[in-house]
Amino acid sequence: MAAKMGANMMSICLLLICYFVTTSSSSKPPNIILLYADDLGYGDLPSYGHPITEAPILEGMAANGLRFLDFYSANPVCTPARASIMTGRHSLRTGVWPGVFYSGDYGGLPLEEITIAEVLKTQDYSTAHIGKWHLGVGENYKYMSPNQGFDYYYGIPYTHDDCPCLKCFYPDRPCTYTCNMNTVACPLFRNLDIIEQPTDFTTLSARYSNEARRWIRGQAQANQTFFLYYAFHQPHNPMFSGEQFTNSSKRGMFGDNVLEMDWMVGQVLEEVREQGLEEDTFIFFTSDNGPCMSRPFDGMGSAGLLKCGKGTTYEGGQRVPAIAYWPGRIQPGVTDELSSALDLLPTFTNLAGASLPDDVIIDGVDMADILFNHGKSLTDTFLFYPAFTYPDIGAYAVRYKNYKAHFLTSGNPNSGDEWNPDASCRRDSPQTPFKPALVYDLDIDPQEMYVLDKNKYYDVYAKLYEIKVQNEATMTWRPSEINKPFNISLAPCCNPGCQPVPQCCICPHQLTGVTTTPVMTTQMVTEEITEMETVRIQEEIDSRPGNA
């Protein structure tokens with residue numbers, strides 16, 4: 001009897017052990033990796049229709065994951081789009097408007113705003129950010145990602161065209177794009193320490209990859225659940241690539257740039273697999289806005305069949321590629337459900353078993369039903385705010401189900417000049433109100449070419465107008481952080497106290513053989529193009545109310 005009881009107790013113990021192991025394994029939240037391209041257009045990847053782009057890793061993710069057809073960035077330019085993806089809120093609510101941050105700006109994403117990293121840390125996630133930030137630097141690096149919930153940072157804190165252009169292609173080929181020549185060289189940070197200035201872009205992608213792999217490996221060895229936000233510089237201008245990828249693709253320098261980014265994605269996936277984490281890791285890839293179309297002869301992005309590109313609220317400005325990848329959990333397929341970058345914070349929050357911030361409005365929704373059931377979106381509405389928006393302007397456009405209404409339109413320099421055959425995309429296309437709005441059926445007209453008859457679609461027009469009015473009545477605009485003053489002394493400098501600023505901002509260990517004569521004299525770019533970009537940036541800064 002005792003022997004039988006002992007055997008029964010052993011069986012019960014084994015069942016309990018199996019139960020707890022199974023429960024623990026299945027209930028443990030996943031690692032989360034957010035891969036964020038910069039200016040990658042809807043038509044730039046093969047799976048989205050480009051005939052010669054090479055991106056084998058991303059194509060593998062698309063084939064074995066869930067590819068989104070109706071996924072939007074939250075804004076058509078970098079800074080506000082990034083504020084929204086980090087917070088799940090329209091950038092107006094966070095004060096990140098109008099336009100973008102520059103290296104010497106006082107403002108940044110307010111520290112009171114709750115980021116994805118801060119939400120996930122409530123569930124004991126380890127968090128890292130590699131790459132571009134572009135949500136402000138501020139005094140004493142106040143607004144950088146280590147102060148916004150990230151345990152580790154390795155990258156450049158803003159867009160790399162907000163630095164003097166040096167060499168971009170291996171071994172020493174010049175950059176072919178306009179850059180800001182009146183500020184400090186691009187600083188490479190580890191946490192809040194500058195480790196290189198100027199940054200060598202011909203080796204940067206390899207170093208980013210090494211850092212990402214090393215960090216993932218460390219979390220795996222510590223059995224630590226993690227969130228990695230990997231924000232690429234590619235394919236934002238000026239394009240760059242290292243030895244392995246220079247002159248490597250059919251699509252020229254743009255193709256080289258995308259192929260290098262694709263390799264970087266592959267390095268992350270390879271490390272995840274090597275650490276045995278593939279079935280425990282949710283990976284999401286998307287882009288911050290549509291393609292830059294300002295450099296037609298040096299290679300530029302593609303919005304595919306969509307209208308216009310970066311900087312506009314047409315489809316090409318904000319509809320972007322998006323791929324969700326989680327082997328064993330997400331079934332391969334394609335979805336045309338309406339979704340956006342605003343939805344990532346709620347989705348990650350749900351995956352982690354965390355709670356949404358209860359004292360702020362979250363504009364996004366959880367995408368779980370789309371991801372795991374190929375089901376329906378929890379929203380049928382999306383608002384389009386322009387790059388340079390103000391409270392008296394509000395939303396330019398509204399989408400409801402498959403219909404989209406443009407109440408105002410304007411062109412943008414990032415969508416081209418005279419070489420763009422569509423004049424409404426160009427920089428000289430002024431802000432134009434429409435009464436009645438221009439309404440399109442995106443299911444049959446994603447190019448936004450054929451305006452629906454108001455008499456025939458009266459109810460659609462009325463619904464779209466109602467949505468605009470209701471949303472704007474409840475939209476709160478936090479005072480602008482971007483309109484705060486600009487001061488070059490705030491720009492990160494590896495050699496603090498040196499003169500003349502900004503030319504002297506070079507890390508001491510890099511000074512051997514380096515002249516401190518103004519970077520403006522470099523022959524890496526033409527003086528005419530450089531002056532055009534410097535004037536453009538200065539005019540934008542001067543136009544801010546705080547500098548009037």
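Hydrogens, waters and symmetry mates play no part in the numbers below; they use all other heavy atoms, side chains included. Note that the coordinates shown come from a computational prediction; the quantities given were computed from them, not determined experimentally.
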Query raised in the report: Ignoring hydrogens and geometry, is there a side-chain-to-backbone donor-acceptor pair from Thr87 to Ile114 under 3.5 Å?
Result: no
Query raised in the report: Are Thr389 and Leu92 close enough, and set up right, to give a side-chain contact (heavy atoms from CB on, under 4.5 Å), and what steps lead you there?
Result: CA-CA 9 Å; Thr389 187; Leu92 329 170; 3.5 Å; yes
Report task. With rounding to the nearest 0.5 Å, note down the distance linking CZ in Arg207 to OH in Tyr154. Result -> 5.0 Å
Query raised in the report: Lys250 and Glu54: salt bridge (charged side-chain N to carboxylate O under 4.0 Å, His left out), yes or no, with the steps?
Result: CA-CA 8 Å; Lys250 297 177 182 178; Glu54 299 163 71; 5.9 Å; no
**Report entry** Heavy-atom side-chain contact between Leu45 and Glu59 under 4.5 Å
**Finding:** yes
Query raised in the report: What about Trp215 and Phe226, are their ring centers closer than 6.0 Å?
Result: yes
Requested in this report: Could you tell me if the ring centre of His129 sits under 6.0 Å from that of Tyr230?
Outcome: no
**Report entry** Side-chain heavy-atom pair Tyr229, Met86 within 4.5 angstrom cut-off
**Finding:** yes
Query raised in the report: Are the side chain of Asn75 and the backbone of Ser91 linked by a donor-acceptor contact shorter than 3.5 Å?
Result: no
Requested in this report: Measure the spacing between CG of Asn289 and OG1 of Thr286 and express it to the nearest 0.5 Å.
Outcome: 10.0 Å
**Report entry** Centroid-centroid under 6.0 Å between Phe285 and Phe68 rings
**Finding:** no
Query raised in the report: Under the 3.5 angstrom rule, does the side chain of Asn495 hit a backbone N or O of Cys507 as a donor-acceptor pair?
Result: no
Query - Worked check of disulfide bond (SG atoms under 2.5 Å apart) between Cys425 and Cys308 - result: CA-CA 5 Å; Cys425 305; Cys308 301; 2.0 Å; yes
Report task. Determine, step by step, whether Cys179 and Cys165 satisfy the disulfide bond (SG atoms under 2.5 Å apart) criterion, reporting the C-alpha distance in whole Å, the side-chain angles of both residues, the deciding distance to 0.1 Å, and the verdict. Result -> CA-CA 6 Å; Cys179 292; Cys165 289; 1.7 Å; yes
**Report entry** Check: Tyr48 ring centroid to Tyr42 ring centroid under 6.0 Å
**Finding:** yes
Report task. Could you please spell out the steps behind the side-chain contact (heavy atoms from CB on, under 4.5 Å) verdict for Met293 and Asn414? Result -> CA-CA 6 Å; Met293 304 167 72; Asn414 289 295; over 6 Å; no
Query raised in the report: Does the pair Lys484/Glu481 count as a salt bridge with the N-to-O cut at 4.0 Å?
Result: yes
**Report entry** Donor-acceptor under 3.5 Å (Asn420 side chain, Asp417 main chain)
**Finding:** no
Report task. Kindly determine whether Cys494 and Cys505 satisfy disulfide bond (SG atoms under 2.5 Å apart), including the steps that lead there. Result -> CA-CA 6 Å; Cys494 193; Cys505 290; over 6 Å; no
Requested in this report: Using the six-membered ring wherever Trp is involved, compare the ring planes of Phe201 and Phe240 and label them parallel, tilted or perpendicular (cut-offs 30° and 60°).
Outcome: tilted
Report task. Look up atom CD1 in Ile283 and atom CG in Leu228, then write down how far apart they are to the nearest 0.5 Å. Result -> 9.5 Å
